[in-house]
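Written out below as structure tokens is the structure these notes cover.
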Amino acid sequence: MKNIKYLLIGTFFGFVLTKGEAISWYRIQEMFRFESFHMFGIFMTAVPVGALSLWIIRKFKIKSADGSDIEMPRKPYHHGIVIGSLLFGFGWALTGACPGPIYAQLGSGVLVTIVTLLAALAGTWTYGLLQKHLPD
Amino acid sequence: MNWIYQPWPWYVAGPLIGVTVPLLLLVGNKNLGVSSSFRHVCAAILPMRIPLFNYDWKKESWSLLFAAGVILGGFLAGFVFANPDPVAIAQSTEDYFSFFGIATSPGLMPSELFNWQTLFSLKGFLLMIVGGFLVGFGTRYARGCTSGHGILGLSALQWPSLLATASFFAGGILFSKYVLPYILSL
């Protein structure tokens, strides 16, 4: 059960997302309508904290707990970055949830959102099925 | 103990979300990302002969535990320690919702839209089933979501992640402006 630590970090992540109301359909609509700073404030503080910590890890060559070197994440360009993200954006506006919040919405007791989760799994599976026919 | 029931302001929630990035790297050299968990579930349950789902998903089981944790975190923060008051959204957003008969009652989701009855109407079908499908399809196509591109990718100064983030915001902004009102009036 050495992986139990990821359950704990996931719980932390879900707790913070929920307390920050980033899983709220109301907040997501408000964000897309530019009617509050709240969600933008979350992004604009989360990213610098992440960036600063990556900089520190790289600067001091800090290793992971298992002794392995931490490689900086790389996200290469492919056309799906634009096409897929646009489609995801439509889904985000409909459900009020990106993938993390899909799980958290379910946990928060809105049990019908299990349907959103199952639909997301179906979407991922369908992408896998169609992948070779789609522009990468 | 009031703080645990109340919603947290952006300047508390945002930095703590950012902390997840080094936490995962330091604890086990893992990259923050949630949409990949959908892929691992597909690989575990119904891989068929689809190349995207034929790999040793058990090696990625940490991602499934992380996802289970997010459910648990949502349960603790949104159910056990739920905010007793409605989400304090902007007055203009509240007016927009009330135009469509959506009240801001306590809870993070409008119960008028997200319930088992509406699921079997066109409105609920579009919001939950089509919406969820697009989230799962789009994030896999983009190989990342708000966490993998929007938080981790931007933190690592990866320009494709900036393009991804701009694209999913563009998609959401356009959709909520030009399409969603028609769905909410159904």
Side-chain angles (χ1 to χ4, degrees), chain A residues 3 6-7 10-11 13-16 18-21 24-26 30 32 35-36 38 41-42 45-47 49-51 53-54 64 68 70 73 75 77 80-82 84-95 98-100 103-104 107-110 115-116 119-120 123-125 127-128, chain B residues 8 10 13-18 20-22 25 29 34-35 38 42 50 52 62 65-66 69-75 77-79 87 89-90 92-93 108-109 128-129 131-142 145-146 153-156 158 160-161 164 167-168 171-173 175-176:
Chain A
N3 276 348
Y6 301 112
L7 183 78
T11 306
F13 188 63
F15 196 94
V16 177
T18 308
K19 275 296 158 201
E21 300 181 327
S24 168
W25 189 87
Y26 301 114
E30 182 191 56
F32 284 143
E35 290 176 332
S36 165
H38 180 83
I42 288 185
T45 48
V47 173
V49 167
S53 53
L54 288 180
S64 182
S68 59
I70 295 176
K75 307 278 179 182
Y77 176 81
I81 288 261
V82 176
S85 295
L86 278 172
L87 294 173
F88 160 44
F90 301 158
W92 194 8
L94 282 162
T95 60
C98 38
Y103 290 112
S108 76
V110 188
V115 176
T116 314
T124 296
W125 192 85
Y127 170 72
Chain B
W8 297 352
W10 56 266
L16 290 176
I17 289 170
T20 317
V21 169
L25 286 169
N29 218 345
V34 181
S35 61
F38 297 156
C42 290
I50 298 169
L52 190 66
W62 75 271
L65 277 162
F66 183 81
V70 178
I71 298 181
L72 187 58
F75 173 69
F79 193 83
V87 178
I89 48 168
S92 48
T93 315
L108 292 159
M109 306 288 285
M128 289 175 263
I129 298 181
F133 187 92
L134 286 169
V135 172
F137 188 96
T139 53
R140 194 72 268 124
Y141 200 168
C145 60
T146 334
L154 288 188
S155 296
Q158 296 290 299
S161 288
S167 301
F168 49 69
I173 291 160
F175 195 89
S176 68

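A, B, ... follow the sequence lines: proteins, then strands. Residue 1 opens every chain. Only heavy atoms go into these numbers, but all of them, side chains included; no hydrogens, no water, no symmetry mates.
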Run the side chain to side chain donor-acceptor pair (under 3.5 Å) test against B:T93 and tell me which residues pass, sequence neighbours left out. A:E35
Validation row: A:F15, B:W8 side chains within 4.5 angstrom (heavy atoms): yes
Looking at CH2 of A:W125 and CD1 of B:I50, how far apart are the two atoms once the value is rounded to the nearest 0.5 Å? 4.5 Å
Please rank B:G78, B:A77, B:G18, B:S92 by heavy-atom pairs under 4.5 Å with chain A and give me the top one. B:A77
Counting heavy-atom pairs under 4.5 angstrom with chain B, the leader among A:G20, A:G109, A:G80 is A:G80
Against chain A, work out which of B:G172, B:A13, B:G131 has the most heavy-atom pairs shorter than 4.5 Å and name it. B:G172
Looking at A:I81, A:V49, A:T116, A:V82, which makes the most heavy-atom pairs under 4.5 Å with chain B? A:I81
Side chain A:S64, main chain B:N29, donor-acceptor under 3.5 Å: yes
What part of A:V110 is in contact with chain B, defined as an atom under 4.5 angstrom from a non-hydrogen atom: side chain, backbone, both or neither? side chain
What's the spacing between A:T11 OG1 and B:F66 CZ if we round to 0.5 Å? 9.0 Å
Output for pair (B:S176 OG, A:F90 CZ), nearest 0.5 Å, gives 11.0 Å
Contact part of A:L54 toward chain B, heavy-atom cut-off under 4.5 Å: side chain, backbone, both or neither? side chain
Here the pair of heavy atoms bringing A:K75 nearest to B:S161 is CG-OG, 3.2 Å
Any sub-3.5 Å donor-acceptor pair from A:T124's side-chain atoms to B:G136's backbone N or O? yes
Heavy-atom pairs under 4.5 Å with chain A - which of B:G171, B:G153, B:C42, B:S155 has more of them than the others? B:S155
Parallel, tilted or perpendicular: ring planes of B:F137 versus A:Y127, cut at 30 and 60 degrees: perpendicular
Locate the shortest heavy-atom distance separating B:V34 from A:F13; write the atom from each residue and the value. CG2-CE2, 4.0 Å
I'd like to verify something: which residue of A:A93, A:S68, A:P73, A:G100 has the highest number of heavy-atom pairs under 4.5 Å with chain B? A:P73
To check you understand the geometry: which heavy-atom pair defines the closest contact between B:L134 and A:L87, and what is its length? CB-O, 3.6 Å
Top of B:I129, B:L16, B:L154 for chain A proximity - count of heavy-atom pairs under 4.5 angstrom: B:L16
Of all heavy-atom pairs linking B:V70 and A:Y103, the shortest is CG1-CB, 3.8 Å
So which part of B:V21 gets closer than 4.5 Å to some heavy atom of chain A, the side chain, the backbone, both or neither? side chain
Counting only heavy atoms not in A:Y77 (residues, nucleotides, ligands), do more than 12 fall under 6.0 Å from its OH? yes
Distance check, rounded to the nearest 0.5 Å: B:I17 atom CD1 versus A:K19 atom NZ? 13.5 Å
Using atom types as modelled and distance alone, determine if a side-chain donor or acceptor of B:S167 lies under 3.5 Å from a backbone N or O of A:L86. no
Chain A contact via B:I89 - side chain, backbone, both or neither, heavy atoms under 4.5 Å: both
Check ring pair (Phe, Tyr, Trp, His ring centres under 6.0 Å) between B:F168 and all other residues, then give those that pass, not counting sequence neighbours. A:F88, A:W92
Go through the steps to decide whether A:T18 and B:L108 satisfy the test side chain to side chain contact (heavy atoms under 4.5 Å, CB included), and finish with yes or no. CA-CA 9 Å; A:T18 308; B:L108 292 159; 3.6 Å; yes
Taking B:G138, B:G69, B:P22, B:A156 one by one, which has the highest count of heavy-atom pairs under 4.5 Å against chain A? B:G69
Closest non-hydrogen atom pair between A:G84 and B:Y141, with its separation: CA-CB, 3.7 Å
So CE of B:M109 and OG1 of A:T95: to nearest 0.5 Å the spacing works out to 7.0 Å
Just give me the residue among A:A104, A:G91, A:G107, A:G41 that pairs up with chain B most often, heavy atom to heavy atom, under 4.5 Å. A:G107
Can you name the nearest heavy-atom pair linking A:P99 to B:T139, along with the distance? CG-CG2, 3.8 Å
Does any part of the side chain of B:V135, heavy atoms only, come nearer than 4.5 Å to the side chain of A:L94, both counted from C-beta? no
